[in-house]
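So the structure is just underneath, and the comments pick up after that.
Sequence lines set the chain letters: A, B, ... in the order given, protein chains first and strands last, and positions in each chain run from 1.
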Amino acid sequence: MKKLRKKVYMLAGYNTISMGTGRKEFNPRKERPGLEHYIKEAGQATLKGIGGAKNVDEGVIGNFMAARFNKQANLPAFLPMIDPDLKYKPSISVEGACASGGLALASGIKSVLAETADVVLAVGFEVQNTVKAMYGADILAGAGWQKERKNGHAYFFPGAFSDRAGAYYEKYGKELTRKAMAKWYCNAIENARLCKTAQEYQNTNPNLEATANTPLNPRRFVENLNVFDCSKVSDGASAIAIVSDDGLKRIGVPASEAIEVVGFAQVAADITQKPEDLTSLSTMKKAAEKAIEMAGISLDQIATVEVHDCFSIAGIMATEALGFAEKGKGCEFVLNGNTSRNGKVPFNTTGGLIGWGHPTGATGVHQAVTVWEQLTGKAGAAQIEISKGKPFAMSVNMGGDDKTLVAIVYRRGI
Amino acid sequence: MDSIRKMENVSVLGAAGKMGSGILVLLSLEMGKLKIGKKEEGNFVLNAIDVSPVALSNLIKYVESQLLKHAEKNIVELRGWYQNRKDLIDNEEIIRQYVADVMAIIQTTTRLETAYESDMVFEAIKEDKSLKVKLFSQIKQNNAKAWFLTNTSSIPIGEIDQEAGLNGDIIGYHFYNPPVIQKLLEIIKSEKTNKELLAFAVDLAKSMRKIVVQSKDVAGFIGNGHFMRDALYALDQAQEIAKESSWSKAFFLIDTISRDLLVRPMGIFQLLDYVGVDVTRFILDSMQPSFPNENLSHGVLNQLLDNDVKGGQFADGSQKDGIFKYERGRIKEVYDLNEKKYIPVAALESECKTKMGVLPTSLLAWKTVVRDKLKAKLLEQFFNELGQIDGFAAKLAMNYGKNSKAIAQMLVDTDVAESAADVNTVLETGFFHAYGPINEYFE
């Protein structure tokens, strides 16, 4: 499919707080809300923005590992819990590790394109503070190939991206790369401080750079990353409505209050194969190219990007995979401030996975919600300027180590 | 000497107590390191010996929970240890296996005879010399190779050695409470202490990642040598105040001053409660014979004990009522020796505040200081200001600081400590003081 055969919009996005360490109200020793709370909060808020559940044709829930974090499966049946009017409506759940949210969006887009629905409610969630980090690492390792778990690191995914960082250090210089990773962290926290739902919203650390440069501790953690290079462990949900032109009419909201999907791509790579090149995210590159091609735009028309920075090194490599920086030049691109909020193309304007948080199954939807807020002027303190010459935005959601990818290009509805 | 063979069969006497249980955990980690980490051959056995079967059963729960914590923290290393176990894949599986493997080393028993099999005997029973002597000589008679590492905090090692006939096979191995967490370890060798044993004890401490300070075999050693005299000074000061005021105010004032104006983690009487009024008197009694020219007792301690004011801790580590009553770790009431009852802090605060007089413009919290890289500068500024204030509390604090220094200096001058740095290390790591007693802050 080279072009979308009909218009697809997203609107009425909502993010719950990303709950976990960093939030003052988070206490690991006290009982906390479960997945029901998060699904309800996000789902109900989006329903409110689209005139209620009666307007919804079907629903899709994105989640990665409720089966282990919360011992819960059969997620489609949580849709009617959001609102009694959703009872007996079609509902599915999708899973693609940390790209589960992105898959929920892709699934909703396809339903609208297939004309089986005019209004789809997409919800992504994860509640992962139910276990300590070292056990959470076991669960999250499910995003990789299980046969590689035994020889993998205790912290499996930090281990995988530590290997990537190590390869990158060797090829392009450790000092420069560490500097760029620190910059990535500082940008993330500074942006998160502007967004009330961000996990790092209350971060008041006066010396972010020193924190970012915390020495590496391979004895307790991985070789080439410190914990600040990593995204957060989060509980949270995000929801958004995916609708057709007819859907917009039914809801009674003008297109200008929505964002239009102008290109999208969903690609997967073989999970049993090791990355061909540790220093590049080739599946992400493929997904981004396809989405841009479908949108028929050039990179310099993009105002902002929400990218999957599960680790700061992934953020840097993403600037290359998306084509903003040449291969091996991602560090300079970041260090020169291009991705900062006043830079050429602000990345992750509310903090991304490192600053806003990473409730794994919600992240893809969260990215779309952030883009919707930015392009329709609803981002509050985190709002960036969207100029006429650069009306587009992009989101890239990644599952596992560059295995399951969803890239979407948007602009404000007209 | 084959140190691994020495560690094959180890006993802990008083294993179910506060200190013994921590020592048992540390030893089980060490033996686990040999058996699982280094894959040493041998049938490793760690005997947990105590008098109460109920306490031993609770001990097992405690050790298991500590091993679990340790395994969770050190999962990176443990994955390496279990690399060849193809059936263990998840962190969770490896952590469980590790805890089970280490627990399998531990045998609980109430029979002292079990220790006859051990070449290494750690002891953490109560501070009772004759009991220690009795147990050690009994074991030594049945196992000539046995080495003894005693956790005594005050009894001279040489005296135990001589009375039990150990021929230098004993060393002081004084942990701080709780042993699993506290970094400091005071090692006390007597003149006769076996050199091999000393070398072994130092290596073991390093392997446990402890900070070692060697102290001379003088009752009280460095830690209690300072703390006990510091507490006696505080009791004298309180007694002075009580003459013209009340005991509750006196206790409260001195405690507040020693905490807030000396920038310590807790006040001196709270520390006394933590250690226990009874234990404090016990330690003083055991120190007294070594210092015939010094009076190491205090009437106030006796009066407190006569009124059943004891302090100390419950088995779960929470604080019992002592000079103070506590609520969630905070002082809520103060004992009054004359009225023989507890007085709420709220009823004392305003009068005590008046009595304290002028204070520095802003107080320096211990918590902030210890975290600050430039703490010496912060402290210097604070004590500088304190020294210039003409107020009751400020003056008392300055004298308190001077006295604390004098005690420390005496420990160095009498060779109890090898250096001023050693005394400072003990107070900073064992007592969590923000600064060592030998300093220039109170000149």
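- The aromatic rings of B:Tyr326 and B:Phe324 sit perpendicular to each other, their planes meeting at more than 60°, with 30° as the lower class boundary.
- The residue from A:Asp229, A:Val222, A:Asn226 that alone fulfils the side-chain contact (heavy atoms from CB on, under 4.5 Å) condition with A:Pro158 is A:Val222.
- Using cut-offs of 30° and 60° for the angle between ring planes, the A:Tyr172 and A:Tyr168 rings count as tilted.
- With a 4.5 Å cut-off on non-hydrogen atoms, B:Gln83 touches chain A through its backbone but not through its side chain.
- In this structure, the portion of B:Ile95 lying under 4.5 Å from any heavy atom of chain A is its side chain and not its backbone.
- Interface remark: A:Lys132 contributes side-chain atoms only to the contact with chain B (heavy atom separation under 4.5 Å).
- For chain B, the nearby part of A:Phe221 is the backbone; its heavy atoms alone come within less than 4.5 Å.
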- Task: I would like to know whether A:Tyr185 and A:Phe228 meet ring pair (Phe, Tyr, Trp, His ring centres under 6.0 Å); could you show each step before the answer?
- Result: CA-CA 7 Å; A:Tyr185 171 79; A:Phe228 303 100; 5.6 Å; yes

